[in-house]
Asker: 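My questions all concern the structure below.
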Amino acid sequence: MPAWFLYTVFSLFFVLAATALFFFTVTRGALIMRGVMAGSPDDAAHVYPIYSNMRLIRMIDFQPIIAAILLFQYDRLVSAITHGLQNMNLRGKNVLITSCAFGNVIPRVVTAAIDTGARRVLIADIIKNELDHAQGKLLEHAGKIEFLEENATAMKQGDGTVAANVIFFLLHELPHHLKGQALKEATRVLAPGGKLYLAEFHKPDLWVLRALSWTYFKVFEPLGLALWDTHDPLKQLEALGGFSCERRTVFFGNFQIIVATKDLPA
């Protein structure tokens, strides 16, 4: 076997192993250490350092990296949300983005909302560094955006105050007892006729993808596996009542987009 081939294989294995170790360190590994060493937990105890440390945020928030993590379905998922917003009547209304996300989803959602006539876009996150980082992406929309340091499971917004709410890959990171609470809050703030746009992981249809996804979640984000069954967001939303829900899956069922529309008064 040629030496160059062995060198290439070893180099590729080293890069993949180092990448996996890095992400484990700044995700589940950090939470394990935090649980061992920390005292009483705070509201942000479940948040990975990758989402709270500004240096890590700037290091990882690179569009090709984020696209690869979502198996290059990122643009497709964001486009489904922005197209939905563009087909709504948002003139003079407020739009909420619950929790910041990496990549260009926030600028694209904000642009779609404002171009459709939204009066104001509210961006809420429990981590101030995430809000500061998002603000740097939205300089052209200054004056029409409000940044709120809030907990997705206990929002300060009043009932029925927003026409649309966007949640992009948040639930899989929340402890199970907070998943349902986040959905209750997300729907509580919606006005009648308002829509919740929720993008998340989903149980893949193909057994190969299912096995790979199961392994990924077990190693890096074990809280996400509950979305496959016990904490299926569609079932949780339907259980709340008062909503019409639609689910669309993409990439062999690996990802889902749920649109929940709040019923109008009878």
Side-chain angles (χ1 to χ4, degrees), residues 27-28 30-32 34-35 41-52 69-70 77 80-81 96-102 105-106 109 122-127 130 148-157 159 162 164-190 194-204 210 213-250 253-262:
T27 55
R28 189 184 179 192
L31 293 193
I32 293 173
R34 189 181 295 171
D42 57 27
D43 290 340
H46 62 276
V47 179
Y48 300 141
I50 199 174
Y51 299 125
S52 56
I69 291 174
L70 294 186
L77 294 165
I81 294 172
L96 174 65
I97 301 175
T98 300
S99 184
C100 298
F102 287 168
V105 58
I106 292 180
V109 167
L122 312 174
I123 301 177
D125 199 289
I126 196 171
I127 302 297
E130 281 278 32
L148 308 169
E149 191 173 345
E150 292 189 12
N151 189 338
T153 65
M155 301 292 289
K156 299 175 183 177
Q157 313 306 307
D159 295 356
V162 301
N165 188 1
V166 175
I167 302 182
F168 196 78
F169 288 89
L170 169 65
L171 289 186
H172 71 279
E173 296 169 356
L174 293 178
H176 299 333
H177 69 285
L178 295 180
K179 288 179 170 64
Q181 187 60 36
L183 289 176
K184 287 180 182 178
E185 286 295 278
T187 54
R188 176 185 64 79
V189 300
L190 281 177
K195 294 180 181 293
L196 168 66
Y197 294 92
L198 173 71
E200 258 303 346
F201 292 101
H202 183 262
K203 187 176 184 178
R210 192 176 303 172
S213 294
W214 184 90
T215 303
Y216 166 82
F217 282 122
K218 275 294 184 181
V219 175
F220 297 104
E221 300 189 273
L223 296 174
L225 277 174
L227 298 181
W228 289 11
D229 40 55
T230 58
H231 290 74
D232 181 342
L234 180 66
K235 293 180 180 178
Q236 289 189 303
L237 286 167
E238 290 176 338
L240 291 175
F243 292 87
S244 300
C245 301
E246 299 178 3
R247 168 154 56 197
R248 171 189 172 192
T249 61
V250 301
N254 205 78
F255 306 101
Q256 62 181 320
I257 300 169
I258 296 173
V259 181
T261 305
K262 196 166 191 175

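Note that the numbering runs from 1 along the sequence shown for the chain.
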Asker: Rounded to the nearest 0.5 Å, what separates atom NZ in K156 from atom CG in N151?
Answerer: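 If we round to the nearest 0.5 Å, K156:NZ and N151:CG are 9.5 Å apart.
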Asker: Closest heavy-atom contact between H176 and A226?
Answerer: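 It is CE1-CB, 3.4 Å.
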Asker: With a 3.5 Å distance limit and no angle check, can you tell me whether H202 reaches the backbone of N254 through a side-chain donor-acceptor pair?
Answerer: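 Not at all, since once roles are kept as given, no pair shorter than 3.5 Å links the two residues.
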Asker: Which pair of heavy atoms, one from A80 and one from R248, lies closest together, and at what distance?
Answerer: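 Taking A80 first and R248 second, the nearest heavy atoms are CB-NH1, 3.6 Å.
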Asker: Can you find a heavy atom in the side chain of C100 that is under 4.5 Å from one in the side chain of I106?
Answerer: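 SC-SC contact between C100 and I106 confirmed.
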Asker: Once rounded to the nearest 0.5 Å, what's the spacing between atom CD of E246 and atom OG1 of T261?
Answerer: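 Separation between the atoms: 6.5 Å.
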Asker: Within this structure, what is the CG-SG distance for the pair L234 and C245, rounded to the nearest 0.5 Å?
Answerer: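 One gets 5.5 Å once the value is rounded to the nearest 0.5 Å.
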Asker: How far does CG of L225 sit from NZ of K203, to the nearest 0.5 angstrom?
Answerer: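 Separation between the atoms: 10.0 Å.
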Asker: L174 vs L223, test: side chain to side chain contact (heavy atoms under 4.5 Å, CB included). Steps then yes/no.
Answerer: CA-CA 7 Å; L174 293 178; L223 296 174; over 6 Å; no
Asker: If I take atom CG from residue D125 and atom OG from residue S99, how far apart are they, to the nearest 0.5 angstrom?
Answerer: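 Here the rounded value is 4.5 Å.
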Asker: Please lay out, stage by stage, how E173 and H46 fare under the test side-chain hydrogen bond (donor to acceptor under 3.5 Å, both in side chains).
Answerer: CA-CA 8 Å; E173 296 169 356; H46 62 276; over 6 Å; no
Asker: Looking at every non-hydrogen atom in both residues, tell me the closest pair between L190 and K262 and how far apart they are.
Answerer: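 Closest approach of L190 to K262: O-NZ, 2.8 Å.
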Asker: Report the C-alpha distance between Q157 and E150 in whole Å, list the side-chain angles of each, state the deciding distance to 0.1 Å, and finish with yes or no for side-chain hydrogen bond (donor to acceptor under 3.5 Å, both in side chains).
Answerer: CA-CA 9 Å; Q157 313 306 307; E150 292 189 12; 2.8 Å; yes
Asker: Is the shortest heavy-atom distance from the side chain of K184 to the side chain of L240 under 4.5 Å?
Answerer: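 K184 vs L240: side chains touch.
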Asker: Is a donor on one side and an acceptor on the other found under 3.5 Å between the side chain of E200 and the backbone of L171?
Answerer: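 Judged by distance alone, yes, a pair lies under 3.5 Å.
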Asker: Identify the heavy atoms of Y48 and F220 that sit nearest to each other, and give their distance.
Answerer: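 For Y48 and F220, the tightest heavy-atom pair comes out as OH-O, 3.7 Å.
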Asker: How far does CG of L183 sit from CG of L178, to the nearest 0.5 angstrom?
Answerer: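 The distance works out to 11.0 Å.
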Asker: Do the non-hydrogen side-chain atoms of L122 and T98 ever get within less than 4.5 Å of each other?
Answerer: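 The answer is no; the side chains never approach within 4.5 Å.
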Asker: I need the minimum non-hydrogen distance between M155 and L96, along with the two atoms involved.
Answerer: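 Looking at all heavy atoms of both residues, the shortest contact is CE-CD2, 3.9 Å.
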Asker: Just one of V109, V259, L198 clears the side-chain contact (heavy atoms from CB on, under 4.5 Å) bar with I81, so which one?
Answerer: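 Running side-chain contact (heavy atoms from CB on, under 4.5 Å) over V109, V259, L198 with I81 returns exactly one hit, V109.
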Asker: Show your working on ring-ring contact (aromatic ring centres under 6.0 Å, His included) between F102 and Y51 and close with a plain yes or no.
Answerer: CA-CA 9 Å; F102 287 168; Y51 299 125; 5.3 Å; yes
Asker: Is there a side chain to side chain contact (heavy atoms under 4.5 Å, CB included) between I97 and I167? Walk through the geometry before answering.
Answerer: CA-CA 6 Å; I97 301 175; I167 302 182; over 6 Å; no
Asker: Just wondering, do Y197 and N165 contact through their side chains at under 4.5 Å, heavy atoms?
Answerer: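 In short, these two side chains do not touch, never coming nearer than 4.5 Å.
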Asker: Is a salt bridge present between R247 and D232, judged by a nitrogen-to-oxygen distance below 4.0 Å?
Answerer: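 Yes.
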Asker: Using the ring pair (Phe, Tyr, Trp, His ring centres under 6.0 Å) criterion, which residues pair with F255? Sequence neighbours excluded.
Answerer: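 Applying ring pair (Phe, Tyr, Trp, His ring centres under 6.0 Å) to F255 gives F201.
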Asker: How about CD on E149, more than 12 heavy atoms from neighbouring residues, nucleotides or ligands closer than 6.0 Å, or not?
Answerer: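 Result for CD/E149: enclosed.
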Asker: Is any side-chain heavy atom of L148 closer than 4.5 Å to one of I123?
Answerer: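 They are not in contact (no side-chain heavy atoms under 4.5 Å apart), so the answer is no.
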Asker: Thinking salt bridges, do K235 and E238 make one under a 4.0 Å N-O criterion?
Answerer: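 A salt bridge is absent here (no side-chain N lies under 4.0 Å from a carboxylate O).
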Asker: Are V105 and F169 side-chain neighbours, meaning at least one heavy-atom pair lies under 4.5 Å?
Answerer: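 When only atoms from C-beta onward are counted, F169 and V105 do not touch, as no gap falls below 4.5 Å.
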Asker: Is it the case that more than 12 heavy atoms not belonging to W228 sit under 6.0 Å from its CH2 atom?
Answerer: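 Counting neighbours around CH2 of W228, more than 12 heavy atoms of other residues, nucleotides or ligands fall under 6.0 Å, so yes.
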Asker: Any idea which heavy atoms bring K179 and H231 closest together, and the distance?
Answerer: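 In terms of heavy atoms, the two residues are closest at CD-CB, 3.9 Å.
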